Amino acid sequence: MHSTGIPIRHWPRILLAGALLAIVAGARLWAADPPAKPEAASAGAADEAAIAWQQEYAPTHDRRMQWWREARFGMFIHWGVYSVPAGVWKGEKSKRIGEWLMLDFKIPVAEYAALASQFNPVKFNADEWVKLAKDAGMKYIVITSKHHDGFAMFHSGASPYNIYDATPFNRDPLKELAEACKKEGIKLGFYYSEAQDWHHPGGAAYKGKINTDKNIDKENHWDTAQQGSMDEYIDKIAVPQVKEILSNYGPVAILWWDTPGDMTPQRVMKFLPLLKLQPDMVVNNRLYGKKYTGDFETPEQKIPATGIPGKDWETCMTMNTTWGYKSFDDKWKSAETLIRNLVDIASKGGNYLLNVGPTSEGLIPEPSVERLHEIGRWMKVNGEAIYGTTASPFKNLPWGRCTKKLTTDGATLYLHVFQWPEDGKLLVPGLKNTVESATLLSDGSTLEAADDEGGVVVSVPADAPDKISSTVVLKVKGTLKVE
Ligand code: H79
């Protein structure tokens, strides 16, 4: 049934199915509210969404993804009204991620919304944030324009529950970020929680298991203010807001959907045409199920062991254990871990979207700033071995990772050495090409490289140029031969 409309010959079947459902469920077939889960008549529409993607957007996938594949490294920013409580509610510390505080403590909608009056991030400086990202070697930024708590971080005409209208701040941070990004040549993307919304009536509820003591229905709501028609929420809040973020901020490089629970093909079809507002934009895979793939996969808080063959992918990850700011979360990953993660991800052909959670004053926490500086110092020397590279040709390297760039007549291999060899001999196992040149990326010095029965052996100086990861560059001619 791959047609654009529902053919008339199918109507009797659809009506019959609807009538049967109504009888079984005791639903009101002709009532004003549509049934909550209209899957029964949606098989055709399911295909429509997938076909719209396949026909309109998949053909331009490679063109739109080109800069993204070069970029390899971006900054995620989780910023919202949750930065005011910062993980603490009525003296109790949340054990969960900070941006989920409202759900964690089942905070009534009006009570949580009142936090907006305390949200006045006067220390926010878009130029500083963008420079921080740029100096860390990041090529793009993705910021939460609306998270599950329903609070818009931009001046929205679709809901007054936004940073411009509902706080004393009276500024639009997305506008300021868009200008700063343009100045610095950094791409800007927006995160938008399309389905889940705990503020606006009809927004989807969390699908997992939560404490049931305060649940008022089987949908995981805890406040009657959350109840309503999801289709109305989609039509009046989500679609207009996505239209706003794609219309009012200049070029949008990425649209980062999240938690598609309760999306249906019909609802997807309301968002898809909006993508035309930004013809160069890439979108992630979280608008809907498997048939609608988006442009890239999004492993969260993990690095897939062998990458995701045949797909573009981006690992998003926190620096401590929360996305949204929590005042007491001090479980910071070391700069060594973060840099090696970036190398590991690049060696598997993916991007790294590394998160910061700014405070309600508008500041990026100092431990994040320190780590970003350290990553930046490393990237200034080793960035060439990350940007525009593709996945390692080696299955396993005992001392570290490899990235590569294919050229018309050969290849450049970047050996990322985590464990510097104590005997000065770096074995590149299984490499059968003759090495044209071997150099240290840090100072350009030439190294000896010799064929060996196990592969190639590079003679390196006694001390590692960088304790975290040093780069040895091998240039080889012809097709890569790795056994
Ligand atoms: O925006 C970040 C997260 O808020 C969001 N995706 C990233 C990028 C996200 N949405 N859903 N999830 C992550 C799944 C997480 C569910 C849980 Fe929970 C939240 C597990 C622990 C906290 C719900 C609340 C169940 C337990 C507590």
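Counting begins at 1 with the first residue of the sequence. Everything numeric in this text was worked out from a predicted model, so none of it was measured. Indexing begins at 1, ligand by ligand and atom by atom, following the structure's order.
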Seminar exercise, completed: the protein heavy atom lying closest to atom 2 (C) of ligand 1 turns out to be His78 NE2, 3.3 Å

For this session: State whether a side-chain donor-acceptor pair under 3.5 Å links His147 with Tyr191.
Result: yes

Exercise. At a 4.0 Å cut-off, with the gap strictly under it, does some heavy atom of His148 reach an atom of ligand 1?
Worked result: yes

Exercise. For atom 8 (C) of ligand 1, which candidate among Glu300, Lys209, Gln301 provides the closest heavy atom?
Worked result: Glu300

Problem set entry | Any protein heavy atom nearer than 4.0 Å to atom 25 (C) of ligand 1 | yes

Problem set entry | CD/Gln227: more than 12 non-hydrogen atoms of other groups inside 6.0 Å | yes

Exercise. Donor-acceptor pair, Arg340 side chain versus Ile468 backbone, under 3.5 Å?
Worked result: yes

For this session: Any atoms of ligand 1 less than 4.0 Å from a non-hydrogen atom of Asp258? List them with their elements.
Result: 1 (O), 5 (C), 6 (N), 7 (C), 8 (C), 9 (C), 10 (N)

Exercise. Does Trp256, backbone or side chain, put an N or O under 3.5 Å from an N or O of ligand 1?
Worked result: no

Seminar exercise, completed: Atoms of ligand 1 under 4.0 Å from any heavy atom of Tyr206, numbered from 1 in the order shown, are 16 (C), 23 (C), 25 (C)

Seminar exercise, completed: Applied to residues 384-395, the salt bridge (Lys or Arg N to Asp or Glu O under 4.0 Å) test, sequence neighbours excluded, yields none

Exercise. Among Arg96, Lys207, Glu99, which one has a heavy atom closest to atom 3 (C) of ligand 1?
Worked result: Glu99

Seminar exercise, completed: Under 4.0 Å between heavy atoms, the region of His147 that gets near ligand 1 turns out to be side chain

Exercise. Are Tyr292 and Trp53 close enough that their ring centers fall under 6.0 Å?
Worked result: yes

For this session: Provide the full list of salt bridge (Lys or Arg N to Asp or Glu O under 4.0 Å) pairs with a residue in residues 147-165, sequence neighbours left out, each pair given once.
Result: none

Exercise. Side chain of Arg64, backbone of Met281: donor and acceptor closer than 3.5 Å?
Worked result: yes

For this session: Check each heavy atom of Leu103 against ligand 1 and say whether those closer than 4.0 Å belong to the side chain, the backbone, both or neither.
Result: side chain

Problem set entry | Top protein contact for atom 12 (N) of ligand 1, by heavy-atom distance | Trp100 CZ2, 3.6 Å

Problem set entry | Min heavy-atom dist Asp104 to ligand 1 below 4.0 Å | no

Exercise. Does the side chain of Ile107 come within less than 4.5 Å of Leu115's, by heavy atoms?
Worked result: no

For this session: Run the numbers for me: atoms of ligand 1, each under 4.0 Å from some heavy atom of Tyr191, listed by number.
Result: 1 (O)

Seminar exercise, completed: Under 4.0 Å from one or more heavy atoms of Thr259, ligand 1 contributes atoms 10 (N), 11 (N)

For this session: Could you tell me whether Lys175 atom NZ has more than 12 heavy atoms of other residues or ligands within 6.0 Å of it?
Result: yes

